[in-house]
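Just follow the structure's listing: the first ligand is 1, and inside any ligand the first atom is 1. Please read these numbers as outputs of a predicted model, since none were measured by experiment.
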Amino acid sequence: MKAIFTSGKIICLWAIFLIQFIHPSAGKAENGYQLWLRYAPVEDISLRNQYLRQTGTVYLADSTSPTLAVLKEELTQALSRMLGKPITFVNQPDGAGLIIRTTSANASLGSEGFQLQSNATNTAITLSAQTDIGLLYGGFHLLRLMQTRQPLIQLNIHSTPKLALRLLNHWDNLNRYVERGYAGISIFNWHTLPGYIDQRYIDYARANASIGINGTVLTNVNANAWILTGDYLQKVKALADVFRPYGIKVYLTARFSAPIEMGGLSTADPLQPQVQQWWQQKVKEIYTLIPDFGGFLVKANSEGQPGPQDYKRTHADGANMLADAVAPYNGIIMWRAFVYSHETPEDRFKQAYNEFKPLDGQFRKNVMVQVKNGPIDFQPREPFSPLFGAMPQTPLMMEFQLTQEYLGQGTHLVYEAPMFKETLDADTHINGKGSTVTKSVSGIAGVANIGNDINWCSHPFAQANWYALGKLAWNPAQSSETIAEEWIRQTWSNKTTVVNTCKQIMLQSREAMVNYMTPLGLHHIMGNGHHYGPLPWGNTLPRADWNPVYYHRADSAGIGFNRTATGSNALAQYHPAAAAAWADSNTCSSEYLLWFHHVSWQHRMPTGRSLWQELCFRYNQGVAQVRTMQQQWQQLQPYIDKERYTQVQLMLGIQQREAVWWRDACLLYFQQFSQQPIPAQYEKPAHTLEYYQNLKFPYAPGNG
Ligand code: GCV
C-alpha cells in the first residue's frame, strides 16, 4: 500500500476516494478481513481538512524502536486512507500537527497508559506516554477517534488500563483444529512456522493491540505436551517475535503430565524433585528463546486432564510447582478453577468453589486462579461464580467465552458485551455494597472466536465480541452501548441510520438468544457433545451432570433446580446479601428463577402470567426479537456493501429458523410435564416432539 503513495498512483486513489463519496457502498466488496481497522475515507470535507491540519504532518520522536516502527506504519496507512493523501513525517516538532513522544514526566501513565492533548488553538495534538507501547495504544486511540469521526478539539485524554492482564485464550490444537471453533481452522499454522510468517499473524497483532489486548495463550487448555518440544518452541518464538512490538506476550498451556510424556519420568508428582527440575529446565529453555514469555495456563484434573490430584496433591501444590519454575523470569501461572467431578455427588454448581475456596492463601504470588464467569459453563445467562470475591488472598482472572459454544455457534448474531457487563457489574457484597465482580479480578481472558475464515470470526458481528473483550478489559466501566457504537462506526459506517439500527440489533441480541434458548434461568439444555441445538430431554450420557435433565428437573410439579437451603444450597456459597436477591422464588428475578428454584407450573410471575404461560411468552418473544432483527437489518441494505450485507442476512435467516426450532422443541418437551396448552395466540410447532427428538447432527462443528 505504501508504494501507492510514492508513485503517480495518487490520482487513482483520489478516484476511488471520490467514488466512495458519491456512493459509499459502491466501493469494492468487503470481506470483513480488515475488522474494525478499515480506515474508511472521511467524507465530510471540513472534518477531513481539520484532520489533515492536525495529523497530516507527524513528528515521531524516535521511530527506530520496533514498536514505534509499527506505529509509524499504522499511521501512514490509516491516515492516508482516511484523508486521501499521504502524510508527512518531520524531524522537528515545530510545525507538526501530531507530536508523538515518550515522557518521563507523568508517572501516572504507568507502563501502558497514554495521553492525548490538543494545544490551545486546536492546531496540534500531542500524544505522550512513558513507553513505546503506551504510544502505540494512544496512536490506535487517536485513529479510533478519527474512524468514529470525533472532532479532534480540546483533547485532554488520559487513559490507563484498569486491568493488567488482558488476554485471549485460543483453544487451538497443534493440528489446527479449534475446539469450540466455528470460524475455520486455527490461524496458527504450526507446520509452516517458524519459516513462514503469515500476514495474518501481523494483522492479528494489530487488531489486538488496537484494543489493548496484551497477551495470548496460543494453545488449547486440553493441552498437548508436544508444544514444549524444542522444534515447537522455535515456532512459538517466531510468533512471540512477531507479537512483541505490539505489546503482546505469548503464553502456552502446560500439560501436567509432560514430564512423563516428554521427559521419560515415571511421575509428574509436583512434590518430586525430579519433576520440579524437569519443569525448571523446560522453563529455562523457553525463556532462553523467549525472554518475555508470559507463563502457563493450566487445566488440571478437569474433564480427564492430568493434574496434581493424580498424586493426591492439591491444586495449590501443582500450581506452586510451576509458579516456582517461572518466578525467576517474572512468569505467571493461570490455574483454571473449571473443575467438577461426577464421582462427587454434589451439585456441579458448587464444585469449583468447594475445591478452591479452602486453598485461598496457599498459592504463590505469581499464581492467578482463572474462573469462568458463571458456576457451570458459559451458558446464555449464568449468575456470577461464587468464587469471585471469595478468595481475597488470591489474584483471580475472569474467563469469558467469546466463541459461541452455547450461544448459537457460528451463525447467531449475539453481542456479548451486555453479558460480560452483567457479570462484571454484579455485586458480590463481600466488602459491603458495591463490591463488584470487577473489583475482585486482576485480569480478563476471552476464549477466542478466531479462525482462518476470511473475516476471522465466521459471523461479521462476532468480531464485536473480540472487540468488546479488549475494550472491557481496558476499562470495565465502559458501557456495552458505547463499545457497540464505536465498533459499528469503524466496522460498518458512520451513517446515523446504520449506527442506530446496528446498535438496536446488537443490544437486544443477547436477550433474544436467552429467550429462544434458555429463558427464566434454564441452563445446559443443549445437544450432547457438540452443544448444537435443543436437547432438553437428554438423559443418556454416563455422567448425570452432562445431561440436560439434571439441570432443568422438569416434572409434573414444576421445573428448575432447587439450590436453596431445601435443595443443594449452592446459594450459601454467596455472601448472604448477594444470596438474598435470589433466595425467595417470589422475589427472585425472573432471569435467574430456574437457576435457584424448582417452581410449580402455576407459579405466579411478576408479569401476572403463570410460569408455563411465561415460558411460552419468552420463547415466542425470542423468535419475535430475531424477526425484528431481520427487518432492521433489511433496512440497512442501501448502506452496506453487498458481500457483508448478504452474509448477515443469510445468517439471520439461519438464526430465525433455529430460534423457532429451539422454541418448538423446548415447549413441546416441557408441555409433557406442564400438561397445559400453548396459548392460542402463539404459532403452533410445525412438527411433533418425536420429530425434534430424532434430529441428529454427527458432524456439527467444534466438538472437543
Ligand atoms: C476446552 C466446556 C467445553 C470444552 C472445554 C471446557 C473447558 O466443557 O465444552 O470443550 O474444553 O469447557 O473450559 O475446559
| request: Quick one: list whatever passes salt bridge (Lys or Arg N to Asp or Glu O under 4.0 Å) with Asp427, sequence neighbours left out. | output: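 Checked Asp427 against salt bridge (Lys or Arg N to Asp or Glu O under 4.0 Å); zero matches.
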| said: Test: salt bridge (Lys or Arg N to Asp or Glu O under 4.0 Å). Region: residues 221-240. Which pairs qualify, not counting sequence neighbours? | reply: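 Pairs touching residues 221-240 that pass the test: Lys237-Asp241.
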| Going by the salt bridge (Lys or Arg N to Asp or Glu O under 4.0 Å) test, which pairs reach into residues 304-313, not counting sequence neighbours? |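 Sorted pair list: Asp269-Arg313.
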| request: Taking Gln404 for its side chain and His412 for its backbone only, find out whether a donor-acceptor pair lies under 3.5 Å. | output: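 Flag set: sc Gln404 to bb His412 pair under 3.5 Å.
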| query | Is it true that a side-chain atom of Asn449 and a backbone atom of Asn465 form a donor plus acceptor pair closer than 3.5 Å? | reply |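 No: the side chain of Asn449 does not pair with the backbone of Asn465.
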| field | Every residue of the protein that comes under 4.0 Å of ligand 1, judged on heavy atoms | value |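 Residues near ligand 1: Trp171, Glu179, Arg180, Asn220, Val221, Asn222, Lys299, Glu303, Arg336, Phe338, Lys372, Asp377, Glu405, Tyr406, His531.
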| message | Aromatic contact between Phe388 and His575, with the criterion being ring centroids under 6.0 Å apart: yes or no? | response |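 No.
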